[in-house]
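Order of the sequence lines sets the chain letters (A, B, ...), proteins ahead of strands, with each chain counted from 1.
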Amino acid sequence: MSNTRLRFAPAPTGSLHLGSARTALFNWLAARRSGGELILRIEDTNAELSKPELIDNIYRSLDWLQIEFDGEPVRQSERTDLYNDAVEQWLSKDLAYVDDGAVRFRVPAEGATSWHDLVRGNVSFENENIEDFVVRRADGTATFFTANAVDDFDLGITHVVRGEDLINVTPKVLMLRQALGASDTPEFAHLPLIVNEQRKKLSKRRDDVALESYRERGVLAPAMINYLALLGWGPPDDIEVRPIDEIISLFELTDVNPSSAMFDLKKLEAINAEYVRAMNPKDFANALMPWLEQESWGVVADVEQLATVAPLIQERTKVLAEGPPQLDFFFLDDPEFDEAAWTKVMSLDEAPLILDAVKSAFTEVEWDSAALHETLRSIGEQYEMKLGKAQAPLRIAITGRSVGPPLFESMYFLGRETVLQRITAAQQKLDTDKPRDSA
RNA sequence: GCCCCCAUCGUCUAGCGGCCUAGGACACUGGCCUUUCACGCCAGCAGCACGGGUUCGAAUCCCGUUGGGGGUGCCA
């Protein structure tokens, strides 16, 4: 069970597609599970696809996901001789013929080409429905079929794991393989497509298919891997969120579900949130840094300072990009006010009274969150307000918003001086707003 | 048009002829907890597309219908 050899064979068409990432993952899982090898093969038979930056993107994305390969990547653009030899061989055996400068393979008029698919069972195509297809273009370059068949044979691939959109090329590749003199057939596993809300194949035009864009929003690689593994496969024990090693040990190609799977951003984020919560606070703060640095105020933030406040938002963060808007008031000179929330909260008669009372109490109180908590609680009591209600004006004065991290801890980190300043600023803002309201 | 694939809650899935009164997760709804939000906990909503077989027994096997998707390039 160990002489298995798989390959992930992307065409460099831009940023790595989610579907490609999932295919890479399943190949990797199958290889790891069986103790076999996985090689990376770049399908760049078309010169346009050979651009270094496109290929770099593939490496970068795979590297981020920590999907490792055995040996050096194979570039099809460097194997043209092999393909030429194959075509010449077919030509000399009259298995192929020249047509308009291109070479076409002779497909038998009768019979059928079939195979046993690991995820779909028997799949069969009538040969009469397959046209004589091009194996070498008029410009002398090999087509996908040729390169694919030659390489899978030459590289000793035992398991071909790829998307269902390639299921119809399989009979052609099988014919070519046989014409090459192969006596064996690799195992095939055609994975279900990942589809959008409209149940259509994820497309570059309509859908956000670039793996990179999820990375940029702050989806963690292990969470992405974990989620992707759940698209078309499920653990037998119903435990969905788990370490990759466990997934490897549970994974079987024959357990892959054949029907297409919708990409569900909500679920991805829910899983990512679990991974975020599981991080140790230090790692979380560090992971947040790149996102803070994208903010105008983020340059001020140093890791030490960030590490003190980051734990306050850790369990409130689904993707890392949600970090900065929750933390901005710690670093800004003045909070950014949500005007709608401000109006709503401050229209309460008690709002200015609470601000006044709190301000004078805060000049004296011992500066720790428990004392601040108790102070506001008792002030609220005077107005017969529960803490939840009494804290609202203070929260918006300090943070600019009606929701956010725990208030007393936040004020503690902000310091007495800043807190008093912000309360004063809020009182002034209240005064200047008022005439307009009552006029 | 032709070829191929697919069909369990809204979504991802478990289920491989009796253990199914169909399980879990996400989402959603209600409640508890609570300094907002969130976390956590509890509860709820919700599904085997349809029709024929086979069988003592079918979500599970077979056939058909319907629906959905993919492919149909000298792209990969």
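Dashed line: the shortest gap from a side-chain N or O of A/Thr45 to OP1 or OP2 of B/A76 is under 4.0 Å. Dashed line: the shortest gap from a side-chain N or O of A/Arg120 to OP1 or OP2 of B/A7 is not under 4.0 Å. Within the structure, every side-chain polar atom (N or O) of A/Lys267 is placed at least 4.0 Å from both OP1 and OP2 of B/U13.
Judged by Watson-Crick or G-U wobble contacts below 3.5 Å, the nucleotide B/C61 has B/G53 as its partner.
Residue A/Phe133 is classed as having no contact, given no heavy-atom separation below 4.0 Å to the nucleic acid. Across all strands, A/Ala392 comes closer than 4.0 Å to no nucleic acid atom at all (heavy-atom distances). Contact annotation for A/Ala11: backbone-only contact, meaning every heavy-atom pair under 4.0 Å involves sugar-phosphate atoms and none involves a base. Here A/Arg277 lies in heavy-atom contact (under 4.0 Å) with sugar-phosphate atoms only.
Considering only side-chain atoms of A/Glu164, the nucleotide from B/C5, B/U35, B/A27 that sits closest is B/C5. Counting only heavy atoms from C-beta on, A/Arg316 has its side chain closest to B/A38 among B/A38, B/C6, B/G69. The listed nucleotides are B/G69, B/C26, B/C75; the one nearest the side chain of A/Leu193 is B/G69. Listed nucleotides: B/U36, B/C26, B/C5. Nearest to the side chain of A/Pro406: B/U36.
Side-chain rings of A/Phe26 and A/Phe251 approach one another, their centers coming within less than 6.0 Å.
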